[in-house]
Amino acid sequence: MDHVELHLHKKKLFVCKLYNTFFTRMKGLMFSTPLSPKEGVLLSFPTERVIDIHMLFVFFPLDVLWFSGSGKIVKIERHVRPFATYIKGTRAQSVLEVPAGAAKNLKVGDLFIIKLKREDA
């Protein structure tokens, strides 16, 4: 599985699993164990679109950030509770899910550099 690093102001903030297929995005963090503070998942789509999410079978709270294709945060939902059935999204190309509180110092408009780290075969 590929991973990405998310950098803000030349500082690495998160290392994330990259979910970029229909099935990995659909499963997301369902039935997963809690993430560590600097860990997350990035749900990536080929083009920008309205992305809504759910928290069914996610057993821990998350901060959820929507990113434009250029890497700018366009929406943040903090402390999304487990088992929330519907979280209205916005137009974005990717969604970052990190542990609740991990995005406390981030704001809409922050511009991230997203670096792909391929796992060796």
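All of these numbers come straight from a predicted model, not from anything done at the bench.
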Leu35 and Leu29: CA distance, side-chain angles, deciding distance, side-chain contact (heavy atoms from CB on, under 4.5 Å) verdict: CA-CA 9 Å; Leu35 301 168; Leu29 288 169; 3.9 Å; yes

message: Would Phe14 and Val98 count as a side-chain contact (heavy atoms from CB on, under 4.5 Å) here? Give the steps.
response: CA-CA 8 Å; Phe14 302 106; Val98 294; 3.7 Å; yes

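Ile53 is not connected to Val50 by any chain of hydrophobic side-chain contacts under 4.5 Å among Ile, Leu, Val, Met, Phe, Trp and Tyr, and they are in different clusters. The hydrophobic cluster containing Tyr19 does not contain Val4, counting ILVMFWY residues as joined when their side-chain heavy atoms lie under 4.5 angstrom apart, directly or transitively. Taking hydrophobic clusters as Ile, Leu, Val, Met, Phe, Trp and Tyr residues chained together by side-chain heavy-atom distances below 4.5 Å, Leu6 does not share a cluster with Val95. Ile76 and Phe60 fall into different hydrophobic clusters, defined by Ile, Leu, Val, Met, Phe, Trp and Tyr side-chain heavy atoms under 4.5 Å apart, directly or through other members. Phe23 and Leu43 are not part of a single hydrophobic cluster, where members link through side-chain heavy atoms under 4.5 Å apart.
Of the possible donor and acceptor atoms, one in the side chain of Arg25 sits under 3.5 Å from a partner among the backbone N and O of Ser44. Remark: side-chain polar atoms of Glu48 are not paired, donor with acceptor, to backbone N or O of Ser68 under 3.5 angstrom. The main-chain N or O of Leu56 is found under 3.5 Å from a side-chain atom of His54 such that the two form a donor-acceptor pair. Between the side chain of Asp52 and the backbone N or O of Gly89 there is at least one donor-acceptor pair closer than 3.5 Å. Side-chain N or O atoms of Glu97 include none that pairs as donor or acceptor with a backbone N or O of Val41 at under 3.5 Å. A donor-acceptor contact shorter than 3.5 Å links the side chain of Lys75 to the backbone of Lys88. Checking side-chain atoms of Asp63 against main-chain N and O of Gly101 turns up a donor-acceptor pair under 3.5 Å.
Taking 4.0 Å as the cut-off between side-chain N and carboxylate O, Glu5 and Lys12 count as a salt-bridged pair.
Closest approach of Asp110 to Leu106, counting heavy atoms only: OD2-CA, 3.5 Å. Taking each heavy atom of Leu65 and Ala103 in turn, the nearest pair found is CD1-CB, 3.9 Å. Looking at every heavy atom in both residues, Glu77 comes nearest to Trp66 through CG-CZ3, 3.6 Å.
Atom CD1 of Ile113 and atom NZ of Lys10 lie 10.0 Å apart (nearest 0.5 Å). Atom CZ in Phe67 sits 5.0 Å away from atom CG in Leu96 (nearest 0.5 Å). To the nearest 0.5 Å, atom OG1 of residue Thr47 and atom CZ of residue Arg49 are 4.5 Å apart. With rounding to the nearest 0.5 Å, the separation of CD1 in Ile114 from NE2 in His7 is 10.0 Å.
Using a 30° and 60° split on the angle between ring planes, Phe31 and Phe57 fall in the parallel class, below 30°.
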